[in-house]
Amino acid sequence: MSVTECQAPRVYIENIGEYLDQEVCILGWLYNKRSSGKLHFLQVRDGTETIQCVMFKGDFSEEAFKQADLTSQESTLKIIGKVKKDDRSPIGYEIGVTGFEVLSEAQEYPITPKEHGTAFLMDHRHLWLRSARQHAIIRIRAEIIKAVRDYFDSNGFTLVDAPIFTPSACEGTTNLFETDYFEEKAYLTQSGQLYMEAAAAAFGKVYCFGPTFRAEKSKTRRHLTEFWMVEPEVAFNDLNDNMDLAEDFVVYIVQRVLQNRRRELTLLERDIAKLENIQKPFPRITYDEALAILHEKGTEEQKVPWGEDFGGDEETVISQEFDRPLFIHRYPAQCKAFYMKSDPENPKLSLNVDMIAPEGYGEVIGGGQREEDLNVLLERIKAHNLPIEAFDWYLDIRKYGSFPHSGFGLGIERTVSWLCGLHHVRETIPFPRLMGRLKP
RNA sequence: UCCUCAGUAGCUCAAUGGCAGAGCAAUCGGCUGUUAACCGAUUGGUUGUAGGUUCGAAUCCUACCUGGGGAGCCA
């Protein structure tokens, strides 16, 4: 007999309101319990929600009532009971238990309702995922990912996934994870972009979505060694079109989270007004204008000389001047990648763009217009000391019907961290990979 | 890679050169409306590792290991 077989209908707690005053069956885990002598209050979660199940001593045998009191945290339970409305419940309902069965008694559970340190929780990430706060974050992540796919799928984009194994790097190999590929060296991808450029020539509007890997020894709240990135690429889009797309895309994602995950945002104590404020148009300033803000508002250290990239602190100072995400475009070409197109009006500038999230969350999007001229690209590859033979296929895109095109990459974890209002990206992915952390 | 802080009970922490402690968890008992329930009791220790200083080290010194925070790095 299956455990789901029961005289009462087996229901999920999130739908419990549909069964008011009816007897139902719930399968789940014991989240917490309290007892008042002749009453047990069992907090039972089933993955969708948590509900309080109340047991009166008079309704059970001495032995059964005692057994419920001895059941350990996270034991698997089958609860049969009547759904009752109750204003004291956070979800508006509780269950008057008529049947109680322990399906699997849990050993002493390491994560208690009291406080724990980061290292301990990270070591128990597989169990930590059962906590209410982690549920909220992972559900918002899932909503963001669904919104990403829905946006592109319903706007004429074709999903063209890029490979994970790649034969070489865009910019040297120091930041790549190297792996053996049948006696050849292969690297884990750090971007699908070059492949998206090829795909854009085939399909016009494309995107890829998948994990990317960086072997940077970065120990900051914004870095993971394995993270997820969505990268659209559009044929015949210039830099401004690219910013229009990024803006529309981000507004859509934020709206979806506000629409469908408001409860989770509230549980995380997110300032929702700040998210509601994220509306078009986003400010668009040049690198030079950003530099001017730093020289006016920044500390001495933040007054970076022309030609240098901004660090996290600099981005925060600039973003504090605005109440929504902002674009910074046309950085000095010297700090950008070989494939970025130069500004025809000033070749020292690159037609790139970063989107900086508000509230100090930093860069969530990086992208730009790509160089479409074969000879310029050949020179760049030489200037960057890159192995030309690795890029022969990439150069074909310019040989066989070249075209202006633009795209960007959005980091999922930084977006989740921003929308949830978290202090660290490590909680935004179910099983984070960080420098020095490969388990669980 | 650098700077900085930390490592003591299952967890979160206290004890700053002189008897290793508390709260939570666990175990036992009490309580008919608890919301991180509460009340009483019990159990729980190779003080990260290896050396050193000292009559005496969790505490001071050296090295190493592990972790947190930050920087650099970061299409």
Side-chain angles (χ1 to χ4, degrees), chain A residues 31-43 50-59 65-66 69-70 72-74 84 86-91 94 96 106-124 127 131-133 169-172 174-176 189-194 196-197 212-225 227 229 231 233 301 308-313 315 331 333 335-341 350-354 362-363 365-371 384 407-411 414 423-424 426 434-437:
Chain A
Y31 194 62
N32 196 8
K33 69 170 188 288
R34 289 175 283 274
S35 182
S36 292
K38 298 197 170 59
L39 272 174
H40 294 326
F41 301 98
L42 311 174
Q43 259 48 57
T50 302
I51 194 165
Q52 175 159 280
C53 302
V54 185
M55 292 177 76
F56 283 89
K57 192 172 187 177
D59 297 341
F65 193 72
K66 178 79 181 170
D69 196 33
L70 290 176
S72 53
Q73 190 187 351
E74 289 301 317
K84 296 174 179 170
D86 195 305
D87 294 338
R88 290 166 292 195
S89 160
I91 61 166
E94 62 177 32
Q107 294 180 26
E108 193 178 330
Y109 191 63
I111 300 180
T112 66
K114 289 267 180 177
E115 65 208 298
H116 296 284
T118 304
F120 178 80
L121 289 170
M122 291 293 285
D123 286 341
H124 295 85
L127 302 176
S131 310
R133 207 182 136 78
C170 302
E171 318 230 348
T174 49
N175 291 331
L176 297 182
T189 180
Q190 60 176 344
S191 165
Q193 187 207 309
L194 302 187
M196 287 308 98
E197 291 187 51
T212 40
F213 307 87
R214 295 199 185 166
E216 293 155 13
K217 293 189 172 170
S218 302
K219 267 180 58 181
T220 83
R221 68 181 63 164
R222 303 184 308 279
H223 288 88
L224 295 164
T225 56
F227 65 98
M229 189 154 70
E231 295 173 276
E233 190 74 30
E301 281 180 358
E308 270 185 34
D309 211 342
F310 303 134
D313 286 351
E315 287 175 353
Y331 281 61
C335 52
K336 290 296 163 186
F338 79 93
Y339 49 73
M340 283 292 185
K341 187 175 170 67
S350 165
L351 288 180
N352 80 299
V353 60
D354 284 352
E363 185 185 336
I365 280 180
Q369 189 168 341
R370 324 304 186 186
E371 181 55 63
H384 281 80
F408 60 83
L410 171 132
R414 287 187 184 180
H423 297 296
H424 202 296
R426 67 185 155 217
L434 299 145
M435 191 179 71
R437 191 174 286 281

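Below, chains carry the letters A, B, ... as their sequence lines are ordered, and counting in each starts from 1.
Heavy atoms of A:Gln52 sit under 4.0 angstrom from at least one base atom. Within the nucleic acid shown, A:Glu94 comes within 4.0 Å of at least one base atom, counting heavy atoms only. Within the 4.0 angstrom heavy-atom criterion, only backbone atoms of the sugar-phosphate kind lie near A:Asp313; the bases stay farther away. Here A:Phe120 lies in heavy-atom contact (under 4.0 Å) with sugar-phosphate atoms only. In this structure, A:Asn32 reaches the sugar-phosphate backbone alone: every heavy-atom distance under 4.0 Å involves primed, P, OP1 or OP2 atoms, never a base. No contact: A:Tyr109 has no heavy atom under 4.0 Å from any strand. Using a 4.0 Å heavy-atom cutoff across all strands shown, A:Ser35 reaches at least one base atom of the nucleic acid. Among the heavy atoms of the strands, none lies under 4.0 Å from A:Gly366. Counting any heavy atom pair closer than 4.0 Å across all strands shown, A:Lys84 reaches no nucleic acid atom. Counting non-hydrogen atoms under 4.0 angstrom, A:His223 reaches a base of the nucleic acid.
Atom C1' of nucleotide B:U34 and atom NZ of A:Lys38 are separated by 16 Å, given to the nearest angstrom. Look at CG on A:Asn175: it is 15 Å from P on B:G72, rounded to the nearest Å. When rounded to the nearest whole Å, the span between CG of A:Asp309 and C1' of B:A71 equals 16 Å. One can place CD of A:Glu216 at 15 Å from P of B:U1, the figure rounded to the nearest angstrom. Atom CD in A:Glu315 sits roughly 14 Å away from atom C1' in B:C73 (whole-Å rounding). In this structure, the CZ atom of A:Phe310 is 14 Å from the P atom of B:C73, given to the nearest Å. Rounded to whole Å, the distance from CD on A:Gln43 to C1' on B:A36 is 11 Å.
Nucleotides B:U16 and B:G33, compared at atom C1', are 48 Å apart to the nearest Å. Across B:G67 and B:A58, the matching P atoms stand 26 Å from one another, rounded to whole Å. Comparing B:A36 with B:C24, their P atoms sit 15 Å apart, to the nearest whole Å. Comparing B:U59 with B:A14, their P atoms are spaced 16 Å from each other, to the whole Å. Taking atom P in both B:C60 and B:U1, the straight-line distance is 27 Å, to the nearest Å. Using atom P as the reference point in both B:A15 and B:A41, the two lie 25 Å apart (nearest Å). Between B:G7 and B:C64, the two C1' atoms lie 14 Å apart (nearest whole Å). Rounded to whole Å, the separation between the P atoms of B:G48 and B:A9 comes to 8 Å.
Summarising the base pairing, B:G51 is matched to B:C61 through a Watson-Crick or G-U wobble pair whose two defining distances lie under 3.5 Å. In this structure, B:C28 and B:G40 make a Watson-Crick or G-U wobble pair, each of the two defining distances being under 3.5 angstrom. Judged by Watson-Crick or G-U wobble contacts below 3.5 Å, the nucleotide B:C74 has no partner. In a base pair of the Watson-Crick type (N1 to N3 plus N6-O4 or O6-N4) or a G-U wobble (N1-O2 and O6-N3), with each distance short of 3.5 Å, B:A9 is matched with no nucleotide.
A salt bridge links A:Arg88 to A:Asp86: at least one charged side-chain nitrogen sits closer than 4.0 Å to a carboxylate oxygen.
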Inset, instruction - I would like to know whether A:Gln43 and A:Arg34 meet side chain to side chain contact (heavy atoms under 4.5 Å, CB included); could you show each step before the answer? - result: CA-CA 8 Å; A:Gln43 259 48 57; A:Arg34 289 175 283 274; 2.9 Å; yes
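Checked against B:U32, B:C11, B:U12, the side chain of A:Phe56 finds its nearest nucleotide in B:U32. Ranking B:G33, B:A25, B:C11 by closeness to the A:Glu108 side chain, first place goes to B:A25. The nucleotide whose nearest atom lies closest to any side-chain atom of A:Thr220 is, among B:G33, B:U12, B:C73, B:C73.
With sequence neighbours left out, the side chain to side chain contact (heavy atoms under 4.5 Å, CB included) criterion links A:Asp123 to A:Arg437.
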Report all interatomic pairs (protein N or O, nucleotide N or O of nucleotides 66-68 of chain B) with separations under 3.5 Å.
from: B:G67; atom 1: OP1; to: A:Gly436; atom 2: O; distance (Å): 3.2

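Between A:Phe227 and A:Arg414, every side-chain heavy-atom pair lies at or beyond the 4.5 Å cut-off. With a 4.5 Å cut-off on side-chain heavy atoms, A:Glu74 and A:Tyr31 count as touching.
Contact of A:Ser218 with B:C73 (side chain to base): a donor-acceptor pair of N or O atoms is detected under 3.5 Å.
Taking CG of A:Leu39 as the reference point, atom CZ of A:Phe65 lies at 6.5 Å (rounded to 0.5 Å).
Between A:Lys217 and the phosphate of B:U1, there is a side-chain N or O to OP1/OP2 separation shorter than 4.0 Å. For A:Lys336, no side-chain nitrogen or oxygen approaches OP1 or OP2 of B:C74 to under 4.0 Å.
With the nearest nucleotide of RNA chain B identified for both A:Leu70 and A:Gly37, A:Leu70 has the one nearer the 5' end.
Closest non-hydrogen pair, A:Leu434 versus A:Arg426, comes out as CD1-CB, 4.2 Å.
Aromatic ring pairs are classed by plane angle as parallel below 30°, tilted from 30° to 60° and perpendicular above 60°; the pair A:Phe120 and A:His124 is tilted.
Between the side chains of A:Tyr339 and A:Glu197, no donor N or O sits under 3.5 Å from an acceptor N or O.
With hydrogens and angles disregarded, no donor-acceptor distance shorter than 3.5 Å links the side chain of A:Ser218 to the backbone of A:Thr220.
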